[in-house]
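Notes follow the structure.
Lettering follows sequence order; numbering is per chain, from 1.
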2 protein chains.
Amino acid sequence: MYVTIVDIANALGLSTSTVSRALSGDSKNVSRETEKMVLEAAERMGYVRNELAVNLRKSRTMTVGVLVPELSTDFYNNFIAQIQPELQNLGYRIIVALSNEDERRERSNIGLLSDFRVDGILLSCCSNTANTDILSDLIRKKFPLVCFDRTIKGLGCSCVRSDDYKAAFFLMEHLIYSGRRHIAHFAGPGHIRNSEDRLHAYVNTLSKHGIPYDPALIVQHGLNPSDGAEEINFLLDQGITVDAVFCFNEMQAIGAADALQKRGFRIPEDVSVASMYGTTVSTLVKPAITSVEKPVEKMAKEAARIIVSRIENPDAPVEDVVIPSQMYIRESSDIVFKSV
Amino acid sequence: MYVTIVDIANALGLSTSTVSRALSGDSKNVSRETEKMVLEAAERMGYVRNELAVNLRKSRTMTVGVLVPELSTDFYNNFIAQIQPELQNLGYRIIVALSNEDERRERSNIGLLSDFRVDGILLSCCSNTANTDILSDLIRKKFPLVCFDRTIKGLGCSCVRSDDYKAAFFLMEHLIYSGRRHIAHFAGPGHIRNSEDRLHAYVNTLSKHGIPYDPALIVQHGLNPSDGAEEINFLLDQGITVDAVFCFNEMQAIGAADALQKRGFRIPEDVSVASMYGTTVSTLVKPAITSVEKPVEKMAKEAARIIVSRIENPDAPVEDVVIPSQMYIRESSDIVFKSV
DNA sequence: CCAATTCCCGCAAACGTTCCCGAAAGTATT
DNA sequence: AATACTTTCGGGAACGTTTGCGGGAATTGG
């Protein structure tokens with residue numbers, strides 16, 4: 001079906017070695033003329049090189065697997081869109097696998113990727129990844145693994161993440177400076193580092209500004225708009241006073257804002273809403289949601305750099321790069337603007 | 001680095017053939033005991049089978065390439081999320097490549113996928129795909145290729161798409177039945193079938209209802225919110241009367257709605273806005289945008305079925321399945337509701 | 001007890017490359 | 001003119017697996 005270097009060699013009366021060398025541009029081991037001849041024949045005969053055989057021989061695939069929990073968030077598909085050309089420039093292709101926030105599928109995907117002999121894996125674990133045995137196994141074997149965005153504590157692998165703590169801190173200070181005292185926090189899934197960082201920031205910012213910390217204001221439920229609505233209603237139904245909501249993600253914030261408006265609250269006059277890591281959706285919605293944005297391009301660049309450095313040198317030092325985010329104050333919390 | 005069947009064979013004093021057979025469950029050529037022995041040894045020694053070698057030997061990769069123009073739209077990432085388990089059930093894995101709406105990258109990605117010897121390609125071409133020579137080449141070679149969503153006319157390959165014509169038709173009738181006569185159309189990129197179908201539906205629905213067709217009401221610009229805003233402003237600045245906007249996509253519609261409101265128009269009282277193929281964003285925005293929704297799961301199911309049928313039988317008949325969509329009337333055009 | 005099956009298993013070739021090694025010829029150095 | 005080096009090429013093993021073929025041992029039937 002396909003034409004191989006053997007066919008070319010036969011057609012030209014050369015050996016496969018020479019053809020192989022000509023094709024891979026090993027110019028100092030093959031004469032100008034034969035090289036040209038081979039290249040032309042290859043073109044004419046419609047040769048496409050079989051990467052399978054190359055990889056088998058070289059035991060490298062020049063491929064990195066990107067394993068993400070989902071693709072529906074802007075962050076992940078932007079990240080993938082950014083990292084692909086980045087790695088392509090470095091000579092690597094990517095293969096994307098997704099776990100749909102299901103730990104079992106995450107495990108099976110890791111198996112799939114290593115079956116495929118990818119040279120490295122870029123991982124953002126799913127929200128309920130509990131047992132990290134396969135991961136530590138990979139790391140022990142010095143397999144190039146780098147975590148991004150959602151990282152796991154105590155796993156001795158390189159990771160690139162945004163500075164959740166600082167971002168959450170600034171967001172909280174913004175709310176506090178605009179006069180809010182009863183700030184609810186809709187938390188994220190328990191064990192991933194991001195949730196913890198944000199929660200710590202929440203607590204610490206309150207204490208820094210001498211605002212009493214009330215555990216009842218922290219709700220942990222889900223990540224969708226409907227969850228956000230439920231969470232705010234849960235608080236209000238108990239008669240708890242809330243003048244600001246600090247959400248784990250954009251979707252929660254949108255749902256909460258909607259529910260608040262339905263109950264007659266004005267945003268931001270009565271209640272401010274802010275969220276971590278908004279995307280374009282935050283700007284399209286009314287009111288537009290105040291949020292911090294993750295520096296996707298930078299994260300992709302760093303992740304690409306680190307993974308190939310690990311691939312090319314398994315003993316490269318473990319890196320933990322954190323990349324600062326940018327806050328965008330929008331209508332949902334822009335009290336100063338409104339009061340002017 | 002990795003343990004192979006040779007290692008297992010040596011450790012057990014067997015031949016590689018036997019080990020291979022035991023591992024691949026060829027139970028009638030290997031005794032119960034040896035099979036058990038091999039399986040245990042494999043487990044114990046941490047054997048993972050090298051798919052590269054398998055594929056080289058079998059000249060199959062059990063992989064289908066999914067080539068999409070982008071990942072940021074809900075449709076594409078949903079499609080991928082849906083098709084992955086679908087194909088996994090059929091024994092295939094997927095590798096995702098994206099062209100970023102760039103024809104050159106599309107071409108190079110097709111090269112990449114065929115280098116990789118994927119068994120088939122699922123393609124949604126990018127908006128400016130002009131020369132289809134490589135595609136017809138693939139088809140001529142009986143390479144399993146199926147187009148989805150964005151299809152190209154005259155290419156003799158199987159495709160699965162939604163019924164753009166009918167969907168656009170119903171959307172238009174909905175606008176007309178609610179009393180609209182000056183309906184603008186924000187068109188899509190020229191040569192892809194979808195744009196054409198929608199435009200035809202636009203024209204035909206008007207004529208069916210005896211509404212004069214005014215070319216000035218058709219604008220073709222871009223696909224983003226800002227484009228939608230520009231397009232509506234372009235019309236209004238000329239003094240053209242518009243009482244409804246029929247958009248190619250959701251983002252245009254959101255931008256247009258926003259621009260209309262900024263100019264003091266009420267939606268839907270003064271102007272209705274409707275769009276093809278909205279996603280959850282359409283429901284989050286205010287006003288929520290009336291749209292038709294693509295049946296992603298069904299499309300993914302069909303695409304999976306067709307591609308493997310072609311892989312397993314290259315002479316399978318060419319199929320062109322169209323899948324009906326569902327209209328959701330939302331605030332942006334819900335005049336009946338408002339007037340009651 | 002012999003012939004015909006059946007059951008296991010090993011041998012070796014094959015998939016399409018790459019790359020080490022050596023051969024032959026030419027070129028430069030002494 | 002002998003030596004050393006360079007250039008160009010072919011031979012052949014190797015990557016890890018599958019699989020057709022053949023053969024010896026065990027089982028069966030008469």
Any B:Thr16 side-chain nitrogen or oxygen under 4.0 Å from OP1 or OP2 of D:dT18: no
Given C:dA13, C:dC9, C:dT18, the nucleotide with the shortest approach to the side chain of B:Arg57: C:dA13
Closest to side chain of B:Tyr47, choosing from D:dC9, D:dT17, C:dC9: D:dT17
Rounded distance (Å) that lies between atom C1' of C:dC7 and atom CD of B:Glu33: 12 Å
Side-chain N,O (B:Thr18) to OP1/OP2 (C:dC9) below 4.0 Å: no
Donor-acceptor pair, side chain of B:Asn313 and main chain of B:Ser309, under 3.5 angstrom: no
B:Phe148 and B:Phe79 aromatic ring geometry - parallel, tilted or perpendicular at 30°/60° bounds: parallel
From C:dT18, C:dC20, D:dT19, nucleotide with atom closest to B:Lys58 side chain: D:dT19
Contact check, side chains of A:Ile121 and A:Val64, non-hydrogen atoms, under 4.5 Å: no
Protein-nucleotide distance (B:Arg60, atom CZ; D:dT19, atom C1'), rounded to Å: 16 Å
Most 5' of B:Arg117 and B:Arg32 on DNA chain C, judged by nearest nucleotide: B:Arg32
Sugar-phosphate, base or nothing in reach of B:Leu14, heavy atoms under 4.0 Å: sugar-phosphate
Nearest-Å distance for atom pair CG/P, residues B:Asn55 and D:dT18: 10 Å
Interatomic distance where CG belongs to A:Asp26 and P belongs to C:dT17 [whole Å]: 16 Å
Nucleotide nearest B:Ser17 when distance is taken to its side chain, options D:dT19, C:dC20, D:dT18: D:dT19
Under-4.0 Å side-chain N/O to phosphate OP1/OP2 contact, A:Ser15 with D:dG10: yes
Shortest side-chain distance from B:Ser20, nucleotide among C:dG10, D:dT8, D:dT18: D:dT18
Nearest-angstrom distance from the residue atom OH of B:Tyr2 to P of D:dC15: 16 Å
Sugar-phosphate only, base, or nothing, as touched by A:Asn29 at under 4.0 Å among non-hydrogen atoms: base
B:Glu51 CD to D:dT18 C1', straight-line distance once rounded to whole Å: 13 Å
Evaluation steps, side-chain contact (heavy atoms from CB on, under 4.5 Å), between B:Ile152 and B:Leu135: CA-CA 10 Å; B:Ile152 299 176; B:Leu135 298 180; 4.0 Å; yes
Donor-acceptor under 3.5 Å (B:Asn10 side chain, B:Asp7 main chain): no
Closest nucleotide among C:dA13, D:dG10, C:dT18 to the A:Arg49 side chain: C:dT18
Spacing of B:Asp7 atom CG relative to D:dG16 atom P, expressed in whole Å: 8 Å
Integer-rounded Å distance: D:dG16 P and B:Ile5 CD1: 10 Å
Under 3.5 Å donor-acceptor, B:Ser20 side chain and B:Thr18 backbone: no
Sugar-phosphate only, base, or nothing, as touched by A:Ser24 at under 4.0 Å among non-hydrogen atoms: nothing
5' precedence on DNA chain C between B:Ser31 and B:Ser59 (nearest-nucleotide basis): B:Ser31
